[in-house]
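Quick notes on the structure that follows.
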Amino acid sequence: MEIFVRGYQDSDGDGIGDLRGLISRLDYLQALGVKGLWLMPIQASADHDHGYATVDYRRIEPQYGTLEDFDTLIREAHRRGIGVVMDYILNHSARQHPLFMAAQSDPRSPWRDWFVWSQAPLKDLQAWSIFDQTPWHLPDGPADPAARATKGRPAAAPSRYFATFGKDMPDFNMRNPAVVLYHEDSLRFWLNRGLDGYRLDAVPHLIENNARDWNDQPESRVLTGAFTRLIKSYPGRHVVCEATAEPTVYAQPDICGSAFAFGLERAIITAAKGEGEASVEAAAKVAGWFTRAPLSMATMLSNHDIFAGQRAWDQFGGNERRYRLAAATYLLLPGTPFIYYGEEIGQAGLTDLPGDQPLRAPMSWTAEGGFSSAQPFRPLSPNRATHNAQAQAADPQSLLHFYRDMLALRNTQPSLARGSYEAPVAQGHVLAFQREWQGERTLVAINYGETPAQVTVPTSAEVVLRPLYPAATGAASARVMSATAALATTTDGMNSDAGAQGKEAPRRPVPQPSTLELTLPALSVQVYRLR
């Protein structure tokens, strides 16, 4: 589960979530079936909100607690069988980071080369445009002494620093070995405290070569791979990367090993909406995704960034039946699914707030909120009266219980947790696929359509279906076609003796492939063990 600590649970009554609050909710996460946590940035930051403007890579954000609280979180999570990874921001620091403040104050500072500077005239930098804005910014403070006019010499262009994500977050100079070593030491700092790995932020942006070649450069991939190898030199550590440019490339073992499958979430949601031909095309896209992508990809419905879409509740307009179809799809596909906090209860996003803030409301624990005894740092979710953890835990038919059921399938069926991806089928509004692990084979079939539908899937000649979800499925029916494995003949493989004598080799019986025909209720999820 991806958790925004600021928005999860306040333990000390200041209206801001903290590590102790998160610790108090570990039993809830364990009961849900979560096996890992991704913490959005918890290091000290200048923004005091999203956390991606880091001012100290080896200190906990004071509003969240202390290093001792972090150690307790790791210990208590591990005691419940839950691993913890956290965000690490390699590409940039905060403008208030002490090293950048020293670098901008004096061009002769030893920290100057830790960041990226240019003294080129502004007209020579106008070709640069990242996210529709210039990445070159003037520093604060007094004018650059090197740019001042002197007798007989006109003033030079002032130095500007490079910042991919806006002037408040200057980019590190990742060509400087000292910067790389600084990050390596900081990564080790948390790993040595028992952290289980990292989500590496914005890794395609580590190196920019010029105004045209700035995104996902080969040097960025090399650096990312080196950081990954360092992290994985610690036993049992996990790395997942944010790499919007080429996520399947970054998921390769020599780079990250896992990366978020950007684009798949939109296809899943479109398929689950069941809206005409767009849904049919999206179902086909979902079916084919893992025939081309590494099975180690990280999947999701949405996350903390608005570019990945609104909260799932808002994308489905409160249509909970279709919401469930989307959830089942990504929770049962290959990859490591990441649930965005509150998604499991259908928490709605906020309205009339800028940027990503609508996605980052406090968690809805009760009808009143249950997040804090004080005024929360941000408004509460508008649907908290009905969609809160307390109410849904008490309702066996709730969305929360559906998520528990889906995670229970993953946690009890190795084929769904780590199996292969085989025999994907997209027929109209129906998606079906099979997953296999060490002889255990599971079939997943989902009907996104408004009417019952049949789907034909390949299978072995003799198969017994054991319903896994729903546990007792009277609504669906199935029959095996070609159940007796009719024998075909072939002239392939003539033996050499027969060939030498000009005679036809004996014909070998070949099993005729069998198919399984399932009838699926409208808007349904069916999961079977095949044996």
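Just so we're clear, the structure is a prediction, and the values are computed from it rather than from any experiment.
- Contact check on Asp113 versus Arg175 returns no salt bridge, with no Lys/Arg side-chain nitrogen under 4.0 Å from an Asp/Glu carboxylate oxygen.
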Could you walk me through whether His50 and Asp356 pass side chain to side chain contact (heavy atoms under 4.5 Å, CB included), step by step? CA-CA 9 Å; His50 56 75; Asp356 301 311; over 6 Å; no

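- Judged by distance alone, the side chains of Glu422 and Ser420 do bring a donor and an acceptor atom under 3.5 Å apart.
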Please evaluate residues Asp216 and Tyr250 with respect to the criterion side chain to side chain donor-acceptor pair (under 3.5 Å), reporting the C-alpha separation (whole Å), side-chain torsions for both, the decisive distance (0.1 Å), and the verdict.
CA-CA 10 Å; Asp216 189 24; Tyr250 278 80; 2.6 Å; yes

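- Under the 6.0 Å distance and 45° angle rule, Arg25 counts as a cation-pi partner of Trp365.
- The closest donor-acceptor contact from the side chain of Thr336 to the backbone of Ala298 lies at 3.5 Å or more, if one exists at all.
- Atom NE2 in His387 sits 10.5 Å away from atom CD in Gln347 (nearest 0.5 Å).
- At a threshold of 4.5 Å between non-hydrogen side-chain atoms, the residues Pro358 and Thr351 do not count as touching.
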Checklist entry - Between Tyr323 and Gln315, is a side chain to side chain donor-acceptor pair (under 3.5 Å) present by the stated rule, with each step listed? => result CA-CA 9 Å; Tyr323 192 135; Gln315 294 197 59; over 6 Å; no

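- Evaluated for a ring-ring contact (aromatic ring centres under 6.0 Å, His included) with Phe172, the options Phe115, Phe100, Tyr161 yield exactly one hit, Phe115.
- With ring centers used as reference points, Phe371 lies 6.0 Å or more from Tyr8.
- In this structure, the side chains of Arg378 and Gln357 come closer than 4.5 Å at one or more pairs of heavy atoms.
- Taking the six-membered ring where the residue is Trp, the centroids of Trp38 and His304 are separated by under 6.0 Å.
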- Query: Val5 and Ile16: side chain to side chain contact (heavy atoms under 4.5 Å, CB included), yes or no, with the steps?
  - Reply: CA-CA 9 Å; Val5 171; Ile16 294 171; over 6 Å; no

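- Crowding of Asn210 atom CG: a count of heavy atoms from other residues, nucleotides or ligands under 6.0 Å exceeding 12.
- Under 4.0 Å is where a charged nitrogen must lie from a carboxylate oxygen, and between Asp185 and Arg188 at least one such pair does.
- Here Arg237 does not pair with Asp196 in a salt bridge; the nearest charged N to carboxylate O distance is not below 4.0 Å.
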### Task
Start with the C-alpha distance between Asp305 and Arg360, add both sets of side-chain angles, then the distance that settles salt bridge (charged side-chain N to carboxylate O under 4.0 Å, His left out), and finish with yes or no.
CA-CA 9 Å; Asp305 282 322; Arg360 303 177 189 176; 3.6 Å; yes

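- Using a 30° and 60° split on the angle between ring planes, Phe131 and Trp214 fall in the perpendicular class, above 60°.
- A 4.5 Å side-chain heavy-atom check between Val85 and Leu39 finds every atom pair outside the cut-off.
- Every residue meeting the side-chain contact (heavy atoms from CB on, under 4.5 Å) condition with Thr54, not counting sequence neighbours, appears here in chain and number order: Gln43, Tyr57, Ile89.
- A 6.0 Å sphere centred on CZ of Arg410 holds more than 12 heavy atoms belonging to other residues, nucleotides or ligands.
- Judged by distance alone, the side chain of Ser220 and the main-chain N or O of Ile207 form a donor-acceptor pair under 3.5 Å.
- His97 places no side-chain N or O within donor-acceptor distance of the main-chain N or O of Ala46, the cut-off being under 3.5 Å.
- No hydrogens or angles considered: a donor-acceptor pair under 3.5 Å links the side chains of Asp171 and Thr164.
- Cation-pi geometry between Arg311 and Tyr341 is met: under 6.0 angstrom from the ring centre, within 45 degrees of the axis.
- A donor-acceptor contact under 3.5 angstrom links the side chains of Glu344 and Tyr28, judged on distance only.
- Annotation: side chain of Leu400 is in contact with side chain of Arg404 (closest heavy-atom distance under 4.5 Å).
- Contact detail for Met174 and Val179: the closest heavy-atom pair is SD-CG1, 3.8 Å.
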Checking Gln217 against Asn209 for the side chain to side chain donor-acceptor pair (under 3.5 Å) test, could you report, in this order, the C-alpha distance in whole Å, the side-chain angles of both residues, the deciding distance, and whether it holds? CA-CA 8 Å; Gln217 297 302 289; Asn209 285 314; 2.9 Å; yes

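- The aromatic rings of Phe260 and Phe262 sit tilted, their planes meeting at an angle between 30° and 60°.
- Aromatic ring centroids of His205 and Phe165 lie under 6.0 Å apart.
- For the 3.5 Å distance criterion, the side chains of Asp10 and Ser372 qualify, holding a donor opposite an acceptor.
- Looking at Thr72 and Asp69, their side chains never bring a donor and an acceptor atom within 3.5 Å of each other.
- At least one side-chain heavy atom of Pro334 sits less than 4.5 Å from a side-chain heavy atom of Arg435.
- For the pair Asp254 and Arg229, the salt-bridge criterion is not met [side-chain N within less than 4.0 Å of a carboxylate O].
- Ring orientation note: the planes of Trp128 and Phe162 are nearly perpendicular, at an angle over 60° on the 30°/60° scale.
- Looking only at side-chain heavy atoms (C-beta outward), Leu22 and Tyr64 stay at 4.5 Å or farther from each other.
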| said: Applying salt bridge (charged side-chain N to carboxylate O under 4.0 Å, His left out) to Asp71 and Arg75, what does each step give before you reach the verdict? | reply: CA-CA 6 Å; Asp71 294 339; Arg75 183 172 62 251; over 6 Å; no

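- In terms of modelled atom types and a separation under 3.5 Å, the side chain of Asn411 and the main chain of Leu407 share a donor-acceptor contact.
- Atom CG of Leu99 sits about 5.5 Å away from atom CH2 of Trp111, to the nearest 0.5 Å.
- Side chains of Thr248 and Met297 form a contact here, defined as non-hydrogen atoms less than 4.5 Å apart.
- Because its NZ or CZ atom is both nearer than 6.0 Å to the ring centre of Trp117 and within 45° of the ring axis, Arg112 counts as a cation-pi partner of that residue.
- Asn176 and Asn173 share no side-chain donor-acceptor pair at under 3.5 Å.
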Exercise for review: Determine, stepwise, if the pair Leu200 / Val239 fulfils side chain to side chain contact (heavy atoms under 4.5 Å, CB included).
Suggested key: CA-CA 7 Å; Leu200 298 180; Val239 177; 3.9 Å; yes

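- Between Phe70 and Trp190, the two ring planes are perpendicular [angle over 60°; tilted spans 30° to 60°].
- Side chains of Met363 and Ile345 form a contact here, defined as non-hydrogen atoms less than 4.5 Å apart.
- Residues satisfying the ring pair (Phe, Tyr, Trp, His ring centres under 6.0 Å) criterion with Tyr340, sequence neighbours excluded, are absent altogether.
- Taking the centre and axis of the six-membered ring of Trp437, the NZ or CZ atom of Arg418 falls inside the cone set by 45° and 6.0 Å.
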Please report the C-alpha distance between Ile42 and Glu61 in whole Å, then the side-chain angles of each, then the deciding distance to 0.1 Å, and finally whether the side chain to side chain contact (heavy atoms under 4.5 Å, CB included) criterion is met. CA-CA 6 Å; Ile42 60 171; Glu61 166 60 41; 5.7 Å; no

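- Salt bridge present: Glu76 and Arg80 bring a charged side-chain N and a carboxylate O closer than 4.0 Å.
- The side-chain hydrogen bond (donor to acceptor under 3.5 Å, both in side chains) test applied to His183 returns Tyr88, not counting sequence neighbours.
- In this structure, Glu184 contributes its side chain and Leu230 its backbone to no donor-acceptor pair below 3.5 Å.
- Salt-bridge annotation for Asp18 and Arg20: absent, with no side-chain N of the basic residue lying under 4.0 Å from a carboxylate O of the acidic one.
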